[in-house]
Amino acid sequence: MDPKTLLQNFVNGLSLGSLYALIAIGYTMVYGILRLINFAHGDIFMMAVYFALFFVTLAQLPWYLAAILAIACAGLLGFTVDRIAYKPIRNAPRISALITAIGVSFFLESLAVVVFSGIPRSFRTIFPQLLNEMIIIGGEMEVKYGREVIVGGIRFPVISLITLIVAAIALVFLWWFIFRTKVGMAMRAVSLDIQTTSLMGVNVDRVIGMTFALGSALAGIGGILWAIRYPQVWPYMGFIPGMKAFVAAVFGGIGSVPGAVLGGLILGITEVMMVGIMPGAAGYRDAFAFFILIIVLSIKPSGLLGRPEIVKV
Amino acid sequence: MRKLFVILLVVFLSVSALASIKVGAILPMTGGVAAFGQMIWQGVELANELFPEVLGEKIEIVLLDNNSDKVQAVNTARRAIEQEGVVAIIGQVISSNTIAGGTVAEENGVAMVSPSSTNPLVTQDKKYVSRVCFSDPFQGVAAALLAFNNMGAENVAVFVDVEQDYAVGFANYFKETALELGGSVFYEYYKSGDQDFTAQVSDAISKGAGAFFIPGYYQEIALIAIQARQLGFYEPIIAGDGAAVPETIEIGGEAVNGLYFTTHYDSGSPAITENAKLFVEAYTAKYGEAPGTFTALGFDTYLVVRDAIERAGSTDREAIAKAVRQTKDYPAVTGIITIDENGDAIKSVTIVKIENGKFVYDTTINP
């Protein structure tokens with residue numbers, strides 16, 4: 001790989017990684033507080049995209065309003081999922097909650113197939129085209145096929161820059177929310193011990209509901225940004241991004257919000273770099289993500305920024 | 001009294017079951033290539049509306065969804081044959097599904113007629129699986145002629161979907177002809193469902209590709225085209241019949257303008273048979289727009305199966321399967337169909353270009 005392609009691939013990886021990071025934040029937040037791997041995260045991500053699509057195409061709302069409403073609906077959906085599926089088994093062994101989460105994931109996917117049909121829809125014209133323009137550094141003007149175009153240069157999509165900024169804002173916001181507000185304090189308490197927290201007069205179900213709503217809203221933001229970058233909406237679109245975000249979250253230390261961002265960026269960059277260096281192995285890129293995960297976990301079981309688990313005897 | 005009612009009901013049900021001939025349609029109505037399934041189903045339905053009967057009985061189409069999935073392809077084939085008791089099967093759609101589901105049709109001796117599976121393995125060494133479309137050895141030649149002769153490319157990056165038999169086979173036939181024509185070719189790989197192709201596109205640009213050839217399906221074709229244009233690739237992009245659905249344009253937008261692809265049929269091409277005229281008129285009257293390639297193929301498959309049942313003169317599965325293989329000079333929508341001893345139809349390739357968000361008929365390449 002020549003240096004220019006190397007640099008371009010680094011930027012490509014950053015663009016992909018920023019999306020992983022944003023989805024991983026919501027994933028890791030729910031885990032950090034509830035110790036529940038919410039496999040339905042990727043499907044709430046998908047639902048949010050459909051919401052945004054229909055708010056624009058059917059309800060004829062302007063795109064910014066549609067985005068805000070879709071994110072709110074994703075939060076509400078997360079809250080509802082918790083109320084219906086997870087709350088009744090709050091005191092059951094953790095594995096039951098995990099299996100329920102997988103069930104919720106399948107349910108949401110199948111629901112989307114039935115309601116929205118299995119055909120992929122285009123998300124291309126939903127948001128301003130400006131977002132998919134490229135920021136080009138370097139390159140020269142040339143005339144090709146009768147049009148004046150810029151050839152070469154390092155290219156980065158506007159939407160990826162926005163994604164990075166949104167991820168940074170989410171990071172700061174969550175830090176403030178978890179460490180500086182009353183609800184955040186309650187969340188931290190729930191993460192330590194649910195029963196004792198409820199004895200202290202905290203409405204545990206409301207706090208957990210809030211956690212899901214917030215995590216799902218973040219999934220919604222991630223989903224919409226993802227769909228702007230890869231403008232194709234279909235019921236199974238959340239599966240692979242959800243899996244990758246899960247890997248990113250575990251990679252960075254599950255439960256740690258900065259870890260999720262770091263994990264997402266590293267995962268995105270290594271994935272693209274790996275394809276760039278070994279184009280012949282590009283078909284195995286998903287397997288490669290899990291391979292990195294296995295290596296990291298065998299060296300540092302709690303992830304990059306995760307706190308080592310102290311086993312109480 | 002109650003007993004009598006039950007007996008009457010059973011008799012009624014079995015009589016009504018006898019009064020119709022069941023034909024299975026195994027299509028991907030959901031999943032990655034759902035757009036193909038939905039379009040083919042439109043064609044099958046339309047043909048069934050226009051020609052609802054054979055041998056004096058009604059044809060009942062049993063639609064089964066294979067989810068675009070290989071495992072479901074086998075399960076649905078089994079269900080159609082064992083539980084639904086169909087006399088023949090229309091399907092399946094993409095090559096990997098027909099290869100998987102075809103083994104069940106072989107075991108049970110039921111004719112499976114694919115509207116659109118182009119990989120040679122679909123019918124190779126099979127007695128019951130046939131197709132009404134051309135196969136990839138020829139489509140590969142046509143695509144290579146298009147790329148190297150018509151468009152004058154010299155070095156082509158081929159994007160291969162490693163999960164699809166169709167893509168792997170089609171890419172190799174393209175390469176064979178490309179080398180014969182004195183061109184050079186290199187491969188970039190991906191997998192169905194991938195969304196990010198920036199690494200492959202950057203690699204292809206750095207290797208000086210003069211054109212991209214994407215022998216895959218529409219979802220990925222659209223995304224590769226978008227990312228190629230974003231990363232500064234302005235050269236031609238060429239695809240196969242996997243691009244022949246409106247979704248390519250809806251998802252790809254600006255980026256697929258100027259895309260050329262090889263396909264089976266275009267409603268803008270000169271109509272050569274009565275059925276072709278009838279099909280375009282009936283479809284336009286029903287849906288208010290011009291029909292697509294896969295709808296035409298679905299229409300044709302129904303007609304070929306119906307014709308085979310008629311010639312077999314019975315609903316015996318074996319006789320129908322034999323009759324399918326003896327299809328000769330049948331005037332269908334996408335061409336004159338003759339199914340040879342291997343189960344393949346020899347047909348011409350249509351070249352279509354996307355211009356200002358519309359499919360525009362370009363030329364026809366004859367075998």
Side-chain angles (χ1 to χ4, degrees), chain A residues 1-2 4-6 8-9 11-13 15-16 19 113-114 117-125 129 132-134 136 139 142 144-145 147 149-153 155 157 226 229-237 239-241 268 271-277 279-286, chain B residues 28-39 65 67-68 157 159-163 186-207 218-220 222-223 226-227 229-236 245-255 258:
Chain A
M1 225 183 338
D2 57 284
K4 208 204 121 229
T5 313
L6 190 77
Q8 179 62 52
N9 270 335
V11 170
N12 292 342
S15 155
L16 180 63
L19 284 164
V113 171
V114 173
S117 97
I119 301 192
R121 285 164 198 267
S122 169
F123 203 74
R124 188 173 48 82
T125 50
Q129 296 286 302
N132 264 322
E133 292 295 316
M134 304 297 276
I136 306 173
E142 246 180 65
K144 281 211 163 188
Y145 300 97
R147 276 193 307 159
V149 291
I150 301 171
V151 174
R155 290 154 183 262
W226 181 282
R229 176 89 180 96
Y230 307 108
Q232 147 177 293
V233 190
W234 56 308
Y236 299 100
M237 68 178 289
F239 181 70
I240 287 291
E271 207 184 293
V272 170
M273 283 293 182
M274 172 253 176
V275 178
I277 293 164
Y284 302 100
R285 65 193 288 171
D286 294 342
Chain B
M29 302 304 281
T30 59
V33 291
F36 296 149
Q38 304 265 357
M39 285 179 80
D65 174 16
N67 288 113
S68 318
F159 284 71
V160 186
D161 183 340
V162 293
E163 257 186 16
F186 62 92
Y187 284 1
E188 296 287 347
Y189 299 93
Y190 69 92
K191 180 168 77 42
S192 298
D194 279 357
Q195 310 259 299
D196 187 88
F197 304 95
T198 51
Q200 290 97 322
V201 169
S202 299
D203 187 60
I205 292 174
S206 79
K207 286 178 181 160
Y218 58 97
Q219 287 194 308
E220 289 84 13
L223 289 182
I226 291 174
Q227 290 169 31
R229 298 309 184 215
Q230 284 182 337
L231 289 168
F233 182 77
Y234 304 104
E235 314 303 328
V245 289
E247 278 74 9
T248 310
I249 296 172
E250 277 160 30
I251 297 166
E254 270 291 290

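Residue numbers start from 1 in every chain, and the chains themselves are labelled A, B, ... in the order their sequence lines are given, proteins ahead of strands. These numbers come from a predicted model, not from an experiment.
- Both the backbone and the side chain of B/Q219 have a heavy atom closer than 4.5 Å to some heavy atom of chain A.
- By the 4.5 Å heavy-atom criterion applied to side chains, A/M273 and A/L6 are counted as neighbours.
- Chain B forms more heavy-atom pairs under 4.5 Å with one residue of A/T125, A/L16, A/V113 than with any other, namely A/L16.
- The residue among A/I150, A/V151, A/D2, A/V11 with the most heavy atom pairs within less than 4.5 Å of chain B is A/I150.
- If you measure heavy-atom distances from A/I240 to chain B, you find no contacts under 4.5 Å at all.
- Among B/Q230, B/M29, B/E250, B/K191, the residue making the largest number of heavy-atom pairs under 4.5 Å with chain A is B/Q230.
- Here B/D203 is the residue among B/D161, B/D203, B/N67, B/V160 with the most heavy-atom pairs under 4.5 Å with chain A.
- Neither the backbone nor the side chain of B/P246 comes within less than 4.5 Å of any heavy atom of chain A.
- Here the closest heavy-atom approach between residue B/V162 and residue A/G283 is recorded as CG2-CA, 3.9 Å.
- Between chain B and the residues A/V272, A/I136, A/T5, A/V149, the most heavy-atom pairs under 4.5 angstrom are made by A/V149.
- For the set A/G276, A/G280, A/A281, the entry with the most heavy-atom pairs within less than 4.5 Å of chain B is A/G280.
- Shown here is B/E254, whose CD atom has no more than 12 heavy atoms of other residues, nucleotides or ligands within 6.0 Å.
- Annotation: maximal heavy-atom pairing with chain A below 4.5 Å, among B/P28, B/A34, B/G37, B/G32, occurs at B/A34.
- Both the backbone and the side chain of B/L231 come within less than 4.5 Å of a heavy atom in chain A.
- B/K207 is listed as a side-chain neighbour of A/P279, based on a closest heavy-atom distance under 4.5 Å.
- With chain B as the partner, the residue from A/W234, A/Y230, A/F239 showing the most heavy-atom pairs under 4.5 Å is A/Y230.
- When all heavy atoms of B/A199 and B/D196 are compared, the pair lying nearest together is N-OD2, 4.4 Å.
- Closest of all the heavy-atom pairs between B/S68 and B/T30 is OG-O, 2.8 Å.
- Considering every non-hydrogen atom in both A/R229 and A/S15, the closest pair reads NE-OG, 3.2 Å.
- Heavy atoms only, all atoms of each residue included: A/W226 and B/Q195 are closest at NE1-OE1, 3.2 Å.
- Each of B/S206, B/S192, B/G258 has some count of heavy-atom pairs under 4.5 Å with chain A, and the biggest count is that of B/S206.
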